[in-house]
2 protein chains.
Amino acid sequence: MNTLKKKIRDHKYKFTSQRQVILQAFLDSQENHMSAEDVFNVVKQIDPDIGLATVYRALELFSSLDLLKKLDFGDGRSRYEINDNNLSHSHYHLICLGCGRVTEFSYDFLSEIKDKIRKENGFEIVDYQLKFYGYCKDCEKNKIQ
Amino acid sequence: MNTLKKKIRDHKYKFTSQRQVILQAFLDSQENHMSAEDVFNVVKQIDPDIGLATVYRALELFSSLDLLKKLDFGDGRSRYEINDNNLSHSHYHLICLGCGRVTEFSYDFLSEIKDKIRKENGFEIVDYQLKFYGYCKDCEKNKIQ
DNA sequence: GTGCGTGCAAAGTCTTTGCAAACCG
DNA sequence: CGGTTTGCAAAGACTTTGCACGCAC
């Protein structure tokens, strides 16, 4: 938390109690991919006066500071996760078309492809997002088709 | 177009003039990733009476039939492209953080990772989406930082 | 104290839905 | 003809914004 606090202050933003509570929610949460409303519901427990707009504003601020990473799983709302800030530590998301469960998977295929893309397109990668859609073990078992 | 028409009829859906015009827009368009409104603007030229809701309904229908593929580039609206229906032909999107331009890139790394994921997670992949964020040649050149 | 940050409510954007009329097969 | 599909407008879901008050520094 102190690292996060420092990063916010370094950018001349204020470390308000609301911002702290919202960050804490991510540090504490078992739920890895919270939507704005998920976050709102968590922080309301600690500070009932907090507003949904404040949550949205904080999530956007934190994303711009790379404290959080904004995700999209195609369910009509943005989701966020703590950003570990290291490309090679990145993970991918396995999104089950049956139950919607999102699992994480990690495997370094990037170094190879990164070079290839730089050479062929002159495109300098700073981040990426990889989502696999399919059926998880349980749904595969129960699939009719 | 006849293949598409067949696929629609095979599923007992009607091949209406509106649906035809919308599909034609994708076949003709140079723009590879049209939003619902982009499509609406194109088809209005041909059929001024067409409604935006019809476009949305058609895009959803076509996606469910795998004629189109629904994409999300994080700009707050869904985008669509013709689906080539072959996992190994799939391409990735290079999204420039400078100018927003979306380029396509193709490289088969999937077969390898697919096996790995099936073994380790019991997850059966049917589709995936890979997006790289970074800076394209031009923006890299002009980047201050 | 000053100006950034907040809460609230209203507005905005994209998308979906209800319904009567139109149309495909 | 009958059930789909359409166009329109209204509603819905998520997110952003305007503004007066409050708080971090």
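Convention: sequence-line order gives letters A, B, ...; per-chain numbering from 1.
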(request) For atom CZ of B/F15, decide whether the heavy atoms of other residues, nucleotides or ligands shown that lie under 6.0 angstrom number more than 12. (result) yes
Please list, pair by pair, any protein nitrogen or oxygen found under 3.5 Å from a nitrogen or oxygen in nucleotides 21-25 of chain C.
| unit_1 | atom_1 | unit_2 | atom_2 | d |
| --- | --- | --- | --- | --- |
| C/dC24 | O2 | B/K14 | NZ | 2.8 |
| C/dG25 | OP1 | B/R9 | NE | 2.9 |
| C/dG25 | OP1 | B/R9 | NH2 | 3.1 |
| C/dG25 | OP1 | B/F15 | N | 3.2 |
| C/dG25 | OP2 | B/R9 | NH2 | 3.2 |

(request) Whole angstrom is fine here: how far is it from CG in B/L61 over to P in D/dT5? (result) 7 Å
(message) Side chains of A/V55 and A/L59, heavy atoms from C-beta outward: is any pair under 4.5 Å?
(response) yes
(request) Kindly check if the number of other-residue, nucleotide or ligand heavy atoms within 6.0 Å of CD (A/E37) is above 12? (result) no
(request) Report yes if the side chains of B/L27 and B/L4 come closer than 4.5 Å at any heavy-atom pair, otherwise no. (result) yes
(message) Taking only side-chain N and O atoms of B/R19, does any of them lie within less than 4.0 angstrom of OP1 or OP2 on D/dT4?
(response) no
(message) Distance check needed: D/dC25 P versus A/H11 NE2, whole Å only.
(response) 16 Å
(message) Without decimals, in angstroms, what is the distance between B/I22 CD1 and D/dG7 C1'?
(response) 12 Å
(request) Can you sort out the partners of B/V21 under side-chain contact (heavy atoms from CB on, under 4.5 Å), two or more places apart, ordered by chain and number? (result) B/V43, B/I46
(request) Could you tell me whether the side chain of A/D10 and the main chain of A/K7 form a donor-acceptor pair under 3.5 Å? (result) no
(message) Using side-chain heavy atoms (C-beta onward) and a distance below 4.5 Å, is B/L67 in contact with B/I8?
(response) yes
(request) In whole angstrom, give the distance that lies between atom CZ of B/F40 and atom C1' of C/dT13. (result) 15 Å
(message) Using five base pairs at each end to define the local axes, how bent is the helix from C/dG1-D/dC25 to C/dG25-D/dC1, to the nearest 10°?
(response) 40°
(request) With sequence neighbours left out, write down each residue that passes side-chain contact (heavy atoms from CB on, under 4.5 Å) with B/S63, or none if nothing qualifies. (result) B/L68, B/K70, B/Y80
(message) Please confirm whether the shortest side-chain N or O distance from A/Q18 to OP1 or OP2 of D/dA24 is below 4.0 Å.
(response) no
(request) Can you check each nucleotide of nucleotides 9-20 of chain D against protein heavy atoms at under 4.0 Å and return B for base, S for sugar-phosphate only, - for none, in 5' to 3' order? (result) -----SBBBB--
(message) Distance check needed: D/dA24 C1' versus A/D10 CG, whole Å only.
(response) 16 Å
(message) Under a 3.5 Å distance rule, please check whether B/S64 uses its side chain to pair with a backbone N or O of B/L61 as donor and acceptor.
(response) yes
(request) List for me each residue that meets salt bridge (Lys or Arg N to Asp or Glu O under 4.0 Å) alongside A/D75, sequence neighbours excluded, and say none if there are none. (result) A/R79
(request) Whole angstrom is fine here: how far is it from NZ in A/K44 over to P in C/dT6? (result) 17 Å
(message) Rounding to an integer number of Å, can you tell me how far A/I50 CD1 sits from D/dG22 P?
(response) 17 Å
(request) Starting from P on D/dT4, measure out to NZ on B/K12 and report it in whole angstrom. (result) 12 Å
(request) Give a yes or no answer on whether the side chain of A/R77 reaches the backbone of A/A36 with a donor-acceptor pair at less than 3.5 Å. (result) no
